[in-house]
Amino acid sequence: MRYSETFIPTLRDDPADAEVVSHKLMTRAGMIRKVAAGIYTYLPLGWRVIGKVEQIVREEMTRGGAQELRMPAVQPAELWRESGRWGVYGKELLRVNDRHDRQFCIGPTHEEVITDLVRGEVRSYKQLPLNLYQMQTKFRDEIRPRFGLMRGREFIMKDGYSFDADEPGAEATYRRMEEAYRRIFSRMGLDFRAVEADSGQIGGSFSHEFMVLADTGEDDVVSCTACSYAANSEKATSRVAAPESRPTPPLESVETPAVHSVEEVAVFLKTSPDRLIKTLIFDTADPEADDPAAARKQEADRFVAVLIRGDREVNEVKLVNHLKVTAARLATDGEIARLTGGPVGFSGPVGLKGVRIVADHSVKALTDAVSGANHQDRHHVHVQPGRDFPLADTVDLDTARAGDGCPRCDGTLTVQRGIEVGHIFKLGTKYSQAMNATFLDPEGKKKPFVMGCYGIGVGRTAAAAIEQNHDARGIIWPMAIAPAQVLLLCMNMKSTPLVEAAEKLYTELEAQGIEVLYDNRPERAGVKLTDAELLGIPLLLVMGDRGLERGVVEVKERRSGDVTETPLADTAARVAARVREALTSRA
RNA sequence: CGGGGCGUGGCGCAGCCUGGUAGCGCACCUGCUUUGGGAGCAGGGUGUCGGAGGUUCAAAUCCUCUCGCCCCGACCA
């Protein structure tokens, strides 16, 4: 690639609308341009990176036994009605009508299409297992697209779907995919964690997320410092020490004038937050419900009182999953007053009527506790869970925190930020049952396929690589996904002997099979060097008149800044060896 | 969706409060000089001031509507 013939519009300043470093640098390095909110054009250099990521994914998926195909971006509503998701997917699903007024959507994912395909073609257990994937442009109409390619509305995703005859087969396929994913992100040179995850909207029973560790990530990754336990904070559990147990005297109501928060109550009653029962009233009404009948039905048990120890925080994802609702929001002040009979800040489980109570495990272990009395300026002391209020529904609703004990070993948990670049699910028979996708087993009995699904955000992976690998001057690409492996920079295009030598080296490098971007622009040295660092190509070859006189080329490593000189004659071979070494050392 | 902010040459921004001939830096074009870390001098303006209405002798500036973009968002029991 000759720089002079390649469209690389670099920018001197950060774009005004970019917030995170990957968005800023990809824009400045001439890799992407925004077209609309969450919608981008990939310019030639950016597209090369996307191609690199896709190719690694492709190779490892193939090794993992999957086959590539390609499904349509536009999907008929009919399939989504069949799976039941047309009604529940919400506003993220971009719906369109064709000229005959038939309904379609722009695919945010492809379970329906793939299940429809397989049920039509696969009849026998002998045709299983089957694992199919594609690289495709998806559209999800996100509430708030942001951060460039990290959370776009239109984005490129590798999505794969597996079909097995039974659970053990599905688990084996799942493990093969998990291994494939580890290889993929390792080859890309990324620092990542495979974490246990909430299975979310797509549903299913078992899932792992692949998180690239970076401070700008939108997810919290909880991991143990001693063992291999790692989980998304939405799912993570911890070993929480209970306060010292002591006998509970009879329940008593005390005056607590104008103390609302857990901290205030603890100070006022000369106790500690871990002896308090925090009571939060949640409203579980579906904010996007468009079915009035269902909304009314839900109205009856719409509010839930959630109990948790005063020093802990409720994990709303766990709550939503436990209650099997679509959302849970804190109730308004007015609703709290109506339901509990007392103002905000004085809610408690004792004597609470007409509201379902759900408690976190941390509450069960409490003795001689404190809670609100559902009355202005009053709290209960000497509260005994089970004695003073029923403890029928006790589950894990706690948010794991750094410093908590690991649930698997004696270690301690830490929390790091991560970017979710991949997600694998065991789907089970959710879609195959809904869509009547079956095969005949050896006994001639009809059985639903046992499915799995496996996604990788291709653009997001590229962005995550930048979040993890950059410095003040620009991007530092890992060799495997760099837009080119080597940047050959001719410092002075007016020097005929220098240009001749550079052209020769360029040809030699290409002959070695190395991807070279040859900066042959008639620019000043400073401009070219600055652009070189912005673009982040891992190896920079600088050719100047001074070096030429001595018959050497400077080889500068982008990441370390280390410079070595090599004799002009063996530069191509040596550089090619370094590139190959960098590509294999991660595999 | 709610709250806040911003739309002015390619990019980054000033001008708006207090209406009066659209400006700065970079980029870009021409010439000369310069040439190992974003050059200097001289010349050049490449603009529906997001759009539509309105007020006014006069609107980038004031008013209304609208479109787009960015940020924040129940943390409280």
- [ ] Would you indicate whether the side-chain heavy atoms of A/Ile8 and A/Asp531 approach each other to under 4.5 Å?
- [x] no

Open item on the list: With a 4.5 Å cut-off on side-chain heavy atoms, are A/Arg2 and A/Tyr506 touching?
Closed with: yes

[atom1] atom, [N] versus [M]: distance in rounded Å?
| N | M | atom1 | value |
| --- | --- | --- | --- |
| B/U34 | B/G40 | P | 15 Å |
| B/C11 | B/G38 | C1' | 14 Å |
| B/G10 | B/C6 | P | 22 Å |

Nucleotide [N], atom [atom2] - distance to [atom1] of [X] in whole Å:
| X | N | atom1 | atom2 | value |
| --- | --- | --- | --- | --- |
| A/Asp13 | B/C26 | CG | C1' | 7 Å |
| A/Asp14 | B/G10 | CG | C1' | 17 Å |
| A/Asp377 | B/A77 | CG | C1' | 14 Å |
| A/Arg33 | B/G10 | CZ | P | 14 Å |
| A/Ile39 | B/C69 | CD1 | C1' | 13 Å |
| A/Asp141 | B/C1 | CG | C1' | 13 Å |
| A/Ile281 | B/C75 | CD1 | C1' | 16 Å |
| A/Asn374 | B/A77 | CG | C1' | 10 Å |

Open item on the list: Angle between ring planes, A/His23 versus A/Tyr40, binned at 30° and 60°: parallel, tilted or perpendicular?
Closed with: perpendicular

Task: Contacting residues from residues 339-346 of chain A, given that a heavy atom lies under 4.0 angstrom of RNA chain B - done: A/Val344, A/Gly345

- [ ] Scan A/Val262 against the nucleic acid and name what it touches under 4.0 Å (heavy atoms): base, sugar-phosphate only, or nothing.
- [x] sugar-phosphate

Open item on the list: Counting the atoms with a prime plus P, OP1 and OP2 as sugar-phosphate, which does A/Ala36 contact under 4.0 Å by heavy atoms, base, sugar-phosphate, or nothing?
Closed with: sugar-phosphate

With respect to the side chain of [X], which nucleotide from [options] is positioned closest?
| X | options | value |
| --- | --- | --- |
| A/Ala16 | B/A74, B/C1, B/C13 | B/C13 |
| A/Arg146 | B/C69, B/A77, B/C71 | B/C71 |
| A/Ile143 | B/G73, B/A77, B/C11 | B/G73 |

Just list the side-chain donor-acceptor pairs under 3.5 Å for residues 536-550 of chain A, sequence neighbours left out, or say none.
unit_1   : atom_1 : unit_2   : atom_2 : d
A/Asp545 : OD1    : A/Ser495 : OG     : 2.7
A/Asp545 : OD2    : A/Asn492 : ND2    : 3.3
A/Arg550 : NH2    : A/Glu565 : OE1    : 2.4
A/Arg550 : NH2    : A/Glu565 : OE2    : 3.2

TODO: Starting at CG of A/Leu517, measure out to CE of A/Met1 and round the result to the nearest 0.5 Å.
DONE: 5.0 Å

- [ ] If a protein heavy atom is under 4.0 Å from the base, mark B; if only from the sugar-phosphate, S; if neither, -; do that for nucleotides 29-42 of chain B going 5' to 3'.
- [x] -----BBBBBB---

